K.L.:
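One structure is given below, represented as structure tokens, and several questions about it will come after.
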Amino acid sequence: MADEKATARAKALRDQLNEHNRRYYVLDAPTVSDAEYDLLMNELRALESEYPELLTPDSPTQRVGAPPIEAFGVVEHPLPLLSLGNVFSHEDLEAWHRRVTNLLDGRSFDLVCELKMDGLAMALVYENGVLVTGATRGDGVRGENVTQNIRTIRSVPLRLPPGAPQRFEVRGEVYLSKGGFARINEERAAQGLPLYANPRNSAAGSLRQLDSRITASRPLDIFIYQLGWAEGAVSLPPSHWETMAWLKSLGFRINDLNRHCPALADVIAFVDEWQDKRHDLPYETDGVVIKVNRLDYQAQLGVVGREPRWATAYKYPSVQGTTKLVSIDVNVGRTGSLNPFAVLEPVQVGGVTIRHATLHNEEDVRRKDVRVGDTVIVQRAGEVIPEIVGPVLELRPEGAAPYSLPAECPECHTPIVRPPGEAMAYCPNKACPAQGLELLKHFVSRGAMDIDGVGESLCATLLATGLVSDVAGLYRLTAEQLEQLERMGQKSAANVIAAIAASRDRSLARLIFALGIRHVGSENAELLARQFGSLSALMAAPEDALMSIPGIGPKVAASVIEHFEDEENRRVIAELRATGVRMEDEAQPLSAKATPLAGLEFVFTGRMDRLTRTNAEAMVKELGATAASNVTRKTSYVVAGEDAGSKAERAQQLKIPVLTEEEFLALVSEAKRQVDSTPET
DNA sequence: CGCCCTCGAGTTCC
DNA sequence: CTCGAGGGCG
């Protein structure tokens, strides 16, 4: 049995350790060294193991977690945890403010702005100054009892100083810092476990551990943002802002970045200020919670449905979102490649609605382990292209099966082939209608024959009606035939015919590229055109002649040979020739052009105001420089437009000069001035 | 043979 | 933008 001395010592140790905890984790101002802290902790642990009756729920030793439990109990929230209405713009916010003003009979009111943590809402109940329950939000009325896990969070006070109400509830958001998230994922990767998709997902996983010793090893943290309810004779402050200050004095961790705003203009300033700055915070925030400060006004405004009228959440455009994966469909590419893509329940991400996302190939789907029916996390890679990050494993429905590609081409039902060692599967049927459409689209596209007014839908119509059966068929079209089609008047028909006619005179390189030879893109087409000067010369070239061109290796050469050996391809080329498509380049003018930018390599990135990227690339090539798409050590200049992404960053790392559009134009006009002032040779 | 750089191909949304 | 793969070079 513990004697009085031991009992008193245990209490003293608990009080000291709890205070040190508060200084370290809540105030961020420790007054003892880690070693001293450990010494006190060890002493308490020894006492508790000798006299188990001294072990109290508020003991700091509880922070290391307890043995696993079977399941979480259910906790009823006496006062439901409400959700918040959302606003997405200044206009929405102003409209909300007007509504509130009306409901308050035109009286003006002050507000509080709080950064909205991307974590999990939690209700903590204290009785006689001791934490007794920690529960998740659940459906707002009933949550899960995760008290043992909450105790492991160092910034949650286990015991409060005198002056706290007898029984009361505070609400807060449990979250994981970006650094903590990265650390956990590194550990999981090392153990071969599936990775958490984001800090929120990871915090949820940590909190739902039945073994709280695991939770204890996760660096979870909490910000308290609300007093739920309180019983016992205490006079409560009259405003939210003062309530938060009071809770802070009791030892709760409150976000210091929150701000008391006298008027709407200050709220707008706060929201704008953190729009970008939030990315520099060590934790993830997805918006700002705006609350009417006075509690009597809050009471007057009340609750509608499950949302209080006295608060709203300003949501920043999300970089990520979660949605349901409805199905995985398959596209057939121009080369016959089968590319699975995700059909999603539409979701707003970064201000646009996302319905589809590519899944690249079967391996990609397997690696990400997404299955039909999964809830998946979606983001816009480089702020543009939708991408599936991964599934939320907790929400996977029973019986969701791993994905495998269908055995047949979805278009023509030919059995698919997957060359050994290759990641992509193919439809081997060269006459596959899907490939025909993709080939036609490629032929008319901007980088190829550049036929204006012929897009995806017209290509499809032409093939479906039989007006065109291969790329050469375009050049036999008449205005009368086009006018038969729906939504095609005389004027547009004439425009299309003119655009097709104009494309007869494209450069040889564009024509070679347009043919759609495997492994021959715009660059290789350029090489081949420059080497051979005409399509017939290229067609007659033996394999070794192709291979001797720097940049053309065995695969490309074989692909070219194979393309021109094919009877059908030869027929189409003959047709093209017969309809008057130009098949050679004019002899290169021998006069050497002035090349003031010779030897320089430019990389363009981001959106420019006065130039398109292709235009800019043409400009520098004209002056003897080259344009590359990737930043390497060889790059001379990176020209960064608006919203420049990773390339500009990489340039900084490699200490390569980054030019603005203005600086670039200045550099070009200076170079041109040199050309003009140099006498022709 | 392995590494590094480039090119090809497919892709989403407005 | 990203991944995969081709080509060149040490």
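When reading the values below, keep in mind they use all heavy atoms of this one structure, side chains included, and skip hydrogens, waters and symmetry mates. Note on naming: letters A, B, ... go to the chains in the order of the sequence lines (proteins, then strands), and numbering restarts at 1 for each one. None of the values given here were measured: they were computed from a predicted structure.
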K.L.:
Under 3.5 Å, is there a donor on one side chain and an acceptor on the other for Thr285(A) and Tyr316(A)?
P.N.:
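No, Tyr316(A) and Thr285(A) have no side-chain donor paired with an acceptor closer than 3.5 Å.
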
K.L.:
Rounded to whole angstroms, how far apart are CG on Asn524(A) and P on dG6(C)?
P.N.:
12 Å

K.L.:
What integer distance in Å separates Ile549(A):CD1 from dT6(B):P?
P.N.:
20 Å

K.L.:
With respect to the phosphate group of dC13(B), does any side-chain polar atom (N or O) of Thr353(A) fall under 4.0 Å of OP1 or OP2?
P.N.:
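Thr353(A) to dC13(B) OP1/OP2: no side-chain N or O under 4.0 Å.
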
K.L.:
Checking Asp286(A) now: which residues fulfil side chain to side chain donor-acceptor pair (under 3.5 Å) with it, not counting sequence neighbours?
P.N.:
none

K.L.:
Provide, to the nearest angstrom, the distance between the CD atom belonging to Glu526(A) and the P atom belonging to dC7(B).
P.N.:
11 Å

K.L.:
Nearest heavy atom decides the nucleotide; on that basis, is Ala525(A) or Thr358(A) closer to the 5' end of DNA chain B?
P.N.:
Ala525(A)

K.L.:
Rounded to whole Å, please give me the gap between OH in Tyr426(A) and C1' in dG10(B).
P.N.:
11 Å

K.L.:
What integer distance in Å separates Lys555(A):NZ from dT6(B):C1'?
P.N.:
17 Å

K.L.:
Could you work out which one of dG7(C), dA9(B), dT12(B) sits closest to the side chain of Pro554(A)?
P.N.:
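So the side chain of Pro554(A) is nearest to dG7(C).
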
K.L.:
Provide, to the nearest angstrom, the distance between the CD1 atom belonging to Ile552(A) and the C1' atom belonging to dC7(B).
P.N.:
10 Å

K.L.:
Hey, is the side chain of Arg334(A) poking within less than 4.0 Å of OP1 or OP2 on dA9(B), counting only N and O atoms?
P.N.:
yes

K.L.:
Rounded to whole angstroms, how far apart are CG on Leu527(A) and C1' on dC7(B)?
P.N.:
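Nearest whole value for this atom pair: 10 Å.
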
K.L.:
Kindly say if Asn339(A) contacts the phosphate of dA9(B), meaning a side-chain N or O under 4.0 Å from OP1 or OP2.
P.N.:
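Looking at the OP1 and OP2 atoms of dA9(B), neither is under 4.0 Å from any side-chain N or O of Asn339(A).
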
K.L.:
Which listed nucleotide (dG7(C), dT2(C), dC13(B)) is nearest to the side chain of Val556(A)?
P.N.:
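Per side-chain heavy atoms of Val556(A), the pick is dG7(C).
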
K.L.:
To the nearest angstrom, how far is Arg355(A) atom CZ from dC13(B) atom C1'?
P.N.:
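Value for this atom pair: 9 Å.
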
K.L.:
Is there a side-chain contact between Asp369(A) and Tyr403(A) in this structure, where contact means two heavy atoms from C-beta onward sitting under 4.5 Å apart?
P.N.:
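No, their side chains stay 4.5 Å or more apart.
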
K.L.:
What nucleotide, of dG6(C), dT12(B), dG10(B), holds the atom closest to the side chain of Phe341(A)?
P.N.:
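The answer is dT12(B).
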
K.L.:
Is the closest side-chain donor-acceptor distance between Asp272(A) and His90(A) under 3.5 Å?
P.N.:
yes

K.L.:
Given dA9(B), dC3(C), dT12(B), which nucleotide is nearest the side-chain atoms of His360(A)?
P.N.:
dC3(C)

K.L.:
Can you check whether Ser337(A) has a side-chain N or O nearer than 4.0 Å to OP1 or OP2 of dG10(B)?
P.N.:
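It does, given that an N or O in the side chain of Ser337(A) lies less than 4.0 Å from OP1 or OP2 of dG10(B).
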
K.L.:
Does OP1 or OP2 of dT11(B) have a side-chain N or O of Asn331(A) closer than 4.0 Å?
P.N.:
yes

K.L.:
For the rings on His442(A) and Phe513(A), is their centre-to-centre separation under 6.0 Å?
P.N.:
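Yes - the distance between ring centres of His442(A) and Phe513(A) falls below the 6.0 Å cut-off.
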
K.L.:
Could you work out which one of dC7(B), dG4(C), dG7(C) sits closest to the side chain of Glu523(A)?
P.N.:
dC7(B)

